[in-house]
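Presented below is the structure to which this report refers.
So you know, we letter chains A, B, ... as the sequences are listed, proteins then strands, and number each from 1.
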There are 2 protein chains.
Amino acid sequence: MQIATWNVNSLNVRLEHVLAWLEKHPVDALALQETKLTDDKFPRDAIREAGYETVFTGQKTYNGVALLTKTPAEDIAYALPGFEDDHKRVIAATVNGVRVIGVYCPNGQALDSPKFEYKLAWFEALASWLNTELQNHDKLVLTGDFNIAPRPEDTYDPERWEGRILCSPPERAALQTLLDAGLADCWRLFDEREGRHRFTWWDYRNGGWARNAGLRIDHVLATPALVDVCRECKAHVGERGRKRPSDHVPVVAEFDV
Amino acid sequence: MQIATWNVNSLNVRLEHVLAWLEKHPVDALALQETKLTDDKFPRDAIREAGYETVFTGQKTYNGVALLTKTPAEDIAYALPGFEDDHKRVIAATVNGVRVIGVYCPNGQALDSPKFEYKLAWFEALASWLNTELQNHDKLVLTGDFNIAPRPEDTYDPERWEGRILCSPPERAALQTLLDAGLADCWRLFDEREGRHRFTWWDYRNGGWARNAGLRIDHVLATPALVDVCRECKAHVGERGRKRPSDHVPVVAEFDV
DNA sequence: GAATACCCAG
DNA sequence: CTGGGTATTC
């Protein structure tokens, strides 16, 4: 079973990219972030014609998440319990017996911003909900755009990024709380691989892609039952080089289930 | 000698269209309207590489006119004398001994709008200047987007358009004043032609192009010395069917000079 | 419906 | 730099 995540930065603009990518990479579940579409404008039909059903929750301009699946999505959750604000950042479903939680975590903007407080509070609510979900699901994947680079080596320039937004101690602690609850970062199972691309996001600004000035902030976290059978976890870096790309690329994990 | 006019509705967006069209139709002079570019952003170099020199006068967002020529443009005028407001609507030059005046005439918005008053005042200033220009030039072409459909048959639906903006008596009188000064509408030399496309503009809204709901508001007016040797005057309607087209198409007149 | 400006976000 | 929203024009 293959599970992928992709922050598309507007599904309106990226629909053709997603459909073309799915045709080449028919994963079992694809979590999308930043669809930036209200539900009435979601391109459900075009995606259905490509062989995928979708569950989604979105809003205008910001956020918006979706889960594309080849088999039916069951027990759908559209928000963090107890954190039902107007940000559409969470979509979860059970797919083929695997609990898949797709998240678009807050960016936080800057350490001294109110949005940073919101980010930490949001992660607390996520961790709390994750614990209850873990009680019910042996096989669980938490995936999406976390807006946190876990380690110095997950940035193109640690000197520049350490301690700053996306790389600060409280953010990394928040991520660690999720791992401590019983998840592993699938990416790290393949850390030793030679010549591996290291990032999942490159800023549009300042020629980030041309300079390979990227970060690894999109993750696939999984429970031991899945980590034990994880065969692969990689970023499809080529998508960043297409015309009108998203600033994020797909990250795909494969499990022997 | 071929002289053409084209309201491009943003030269930024339409530059590739213009260059491709010029490659197929290497007219001697092309008057552009609605370039919507300040002079510092005019793509002079790209046009030069296509074999044309340009004179232009533009502004941000609105209006903006240019004259593209294969041979040097002389005696350039950038405005209506005595009507130097901030609208960039007029560019004139002598090309191969022919005086070419390119105009983007005001739209007028509605008969009861202050913009309608402006339109009529602007046409008066144009007529006044035209008279002095005619004293100096035997061969003269006045071309551009006039925002006036001269006759009922120059609209797709006379019942709907007669008397309204672009088709009102005072506007048609203003156009007639220009003709009375000593010009003829080259288009009408070929009125009897079979199966001829009748329009030069189709509204973006309501599927104007698909319904052929067009108007003839872009014109080539010429002095008798040119009318006598006018071989052709037609609209390049196919341009309206391209991707991301302007709402106007080129109108081309050919003279045996 | 298709442009542009200005604003905000990442 | 690349999205989206708003307002304005034609």
- Message: I'd like to know whether A:Arg242 forms a salt bridge (charged side-chain N to carboxylate O under 4.0 Å, His left out) with A:Glu16, so could you lay out the CA-CA distance, the side-chain angles of the two residues, the decisive distance to 0.1 Å, and finally the verdict.
- Response: CA-CA 12 Å; A:Arg242 296 191 52 190; A:Glu16 296 309 318; over 6 Å; no
- Item | Test side chain to side chain contact (heavy atoms under 4.5 Å, CB included) applied to A:Pro150 - qualifying residues, sequence neighbours left out | A:Asp154, A:Leu175, A:Asp185, A:Arg216, A:His219
- With sugar-phosphate taken as primed atoms, P, OP1 and OP2 and all else as base, the protein-contact string of nucleotides 3-10 of chain C at under 4.0 Å (heavy atoms; B, S, -) is SSSS--SB
- Measure the distance from NZ on B:Lys243 to P on C:dA2 and round it to the nearest whole Å. 14 Å
- Query: In terms of ring plane angle, is the pair A:Tyr156 and A:Trp161 parallel, tilted or perpendicular, where the classes change at 30° and 60°?
  - Reply: perpendicular
- Task: Tell me, please, whether A:Trp187 has A:Arg198 positioned over its six-membered ring: NZ or CZ under 6.0 Å from the ring centre and within 45 degrees of its axis?
- Result: no
- Query: Taking atom P of C:dA2 as reference, at what distance in whole Å does atom CH2 of B:Trp209 sit?
  - Reply: 15 Å
- Message: Rounded to whole Å, how long is the line connecting atom CZ of B:Arg242 with atom C1' of C:dG1?
- Response: 19 Å
- Note on the structure: From CZ of A:Arg211 across to P of D:dC1 the rounded distance in Å is 13 Å
- Task: Provide, to the nearest angstrom, the distance between the NE2 atom belonging to A:His17 and the P atom belonging to D:dT2.
- Result: 12 Å
- Item | Gap between atoms CH2 and P, on B:Trp161 and D:dC10 respectively (whole Å) | 13 Å
- Report yes or no: does A:Asn147 contribute a side-chain atom to a donor-acceptor pair with the main-chain N or O of A:Cys105 at less than 3.5 Å? yes
- Task: Just say parallel, tilted or perpendicular for the rings of B:Phe199 and B:Trp202, cut-offs at 30° and 60°.
- Result: perpendicular
- Task: Take the protein atom CZ of B:Phe116 and the nucleotide atom P of D:dC10, then report the distance between them rounded to whole Å.
- Result: 14 Å
- Calculate the interatomic distance between A:Asn7 atom CG and D:dG3 atom P; express it in whole Å. 12 Å
- Note on the structure: The residue, B:Asn63 or A:Gly207, whose nearest nucleotide of DNA chain D is more 5′ is A:Gly207
